[in-house]
Amino acid sequence: MMKHSFSGIVLAFDKVSIDKNGVSMDISKGVFAILGVIVGGLMAPLVASWTRRFERKAKMSEFYTELDDLRSHSERMIIMLAHANDICAKAKKNIMPIQDAEKAYSLPSPLTFYIIEKNCPEIYSSLTIEQRRAVRAIMNIVSSLNSKLAKLSEMASKSVLDQDVSLIKAALYEACSFKYVSERLCNERDRFIYFQDKTNDDIAKDVLAAFNINII
């Protein structure tokens with residue numbers, strides 16, 4: 001009789017111990033769940049901020065990559081426009097035979113944004129005020145330059161004697177301005193300062209001098 005009572009007491013004790021362990025495990029799980037929610041809530045804004053920063057940095061890199069590509073294209077554009085200007089001027093002054101001039105006459109392709117226009121709204125606020133001024137200038141230059149190239153392309157089928165030399169020269173000067181601003185922006189980035197002490201003609205003359213180009 002005593003033996004059965006003792007066994008019952010041991011089983012009851014074991015049951016209580018198991019119940020206590022079960023309660024402890026449930027409490028631990030609850031605490032960890034609450035901590036997980038709290039930590040997740042605190043980390044979520046940080047993770048979102050890091051993600052936005054990483055994406056903005058990637059878009060900024062894409063922006064400068066395309067800008068440098070366009071700068072390189074503008075250099076070829078300068079050479080081609082200077083050559084077109086030279087050919088037309090010589091043909092009109094009877095320095096070059098018209099047939100030779102018409103064979104040599106060609107125009108560059110326009111500057112085209114693929115990434116810059118798409119990424120600009122997302123990175124614009126991250127740029128300095130001087131960089132934003134440069135970006136606006138670049139957009140305006142490209143729009144005006146491409147418009148001039150479109151007009152010149154419409155006239156390309158005509159004789160070189162009928163080409164608008166003043167329009168070619170204007171496009172050439174804008175290509176020089178684009179090369180100047182884009183090159184400085186790519187090289188200086190956050191250090192960029194928009195100079196106001198140079199006119200477009202001054203910039204064009206400096207750029208053309210660097211290419212050893214003399215405009216007739």
Closest heavy-atom contact between [X] and [Y]?
X	Y	result
Leu152	Ile168	CD2-CG1, 3.6 Å
Tyr105	Ala84	CE1-CB, 3.6 Å
Leu167	Lys151	CD2-CB, 3.9 Å
Met96	Ile87	SD-CG2, 4.1 Å
His73	Ser109	NE2-O, 2.9 Å
Ser153	Leu107	N-CD1, 3.7 Å

[atom2] on [Y] to [atom1] on [X], rounded to 0.5 Å:
X	Y	atom1	atom2	value
His83	Ser106	NE2	OG	6.5 Å
Ser144	Met139	OG	CE	15.0 Å
Arg132	Tyr194	CZ	OH	14.5 Å
Lys179	Arg76	NZ	CZ	12.0 Å
Gln163	Cys88	CD	SG	5.5 Å

Are the side chains of [Y] and [X] in contact, using a 4.5 Å heavy-atom criterion?
X	Y	answer
Leu67	Ile138	yes
Ser74	Glu183	no
Pro110	Leu145	no
Ile79	Phe211	yes

Give the intermediate values and the outcome of side-chain contact (heavy atoms from CB on, under 4.5 Å) for residues Ser182 and Leu70. CA-CA 8 Å; Ser182 61; Leu70 293 174; over 6 Å; no

Crowding at [atom1], [X] (>12 non-hydrogen neighbours, <6.0 Å):
X	atom1	value
Asp162	CG	yes
Lys169	NZ	no
Leu161	CG	yes

Please enumerate all residues that pass salt bridge (charged side-chain N to carboxylate O under 4.0 Å, His left out) together with Asp68, with sequence neighbours excluded. Arg71

Considering residues at least two apart in sequence or located in another chain, which fulfil the side chain to side chain contact (heavy atoms under 4.5 Å, CB included) criterion with Arg189? Tyr64, Gln131

Applying side chain to side chain contact (heavy atoms under 4.5 Å, CB included), can you list everything that pairs with Ala82, at least two apart in sequence or on another chain? Leu172, Ile213, Ile215

Cluster overlap Val165 with Ile95, hydrophobic side-chain contacts below 4.5 Å: no

Between Met60 and Leu127, does a side-chain contact (heavy atoms from CB on, under 4.5 Å) hold up when you go through it step by step? CA-CA 9 Å; Met60 189 76 78; Leu127 300 172; 3.7 Å; yes

Is it true that the side chains of Tyr124 and Arg136 contain a donor and an acceptor less than 3.5 Å apart? yes

Could you walk me through whether Met77 and Leu149 satisfy the side-chain contact (heavy atoms from CB on, under 4.5 Å) test, starting with their C-alpha distance in whole Å, then the side-chain angles of each, then the deciding distance to 0.1 Å, before giving a yes or no? CA-CA 10 Å; Met77 183 180 283; Leu149 289 174; 3.9 Å; yes

Is a side-chain donor or acceptor of Ser147 paired with a backbone partner of Ser143 at a separation under 3.5 angstrom? no

Can you tell me which residue pairs pass the side chain to side chain donor-acceptor pair (under 3.5 Å) test with a partner in residues 89-101, sequence neighbours excluded? Asp86-Lys90

Side chain to side chain donor-acceptor pair (under 3.5 Å): pairs with one or both residues in residues 200-211, sequence neighbours excluded: Lys198-Asp206, Thr199-Asp202

Table please: side-chain donor-acceptor pairs of residues 111-119 below 3.5 Å, with sequence neighbours left out.
| residue | atom | partner | partner atom | Å |
| --- | --- | --- | --- | --- |
| Asn119 | ND2 | Lys59 | O | 3.3 |
| Asn119 | ND2 | Glu62 | OE1 | 2.9 |

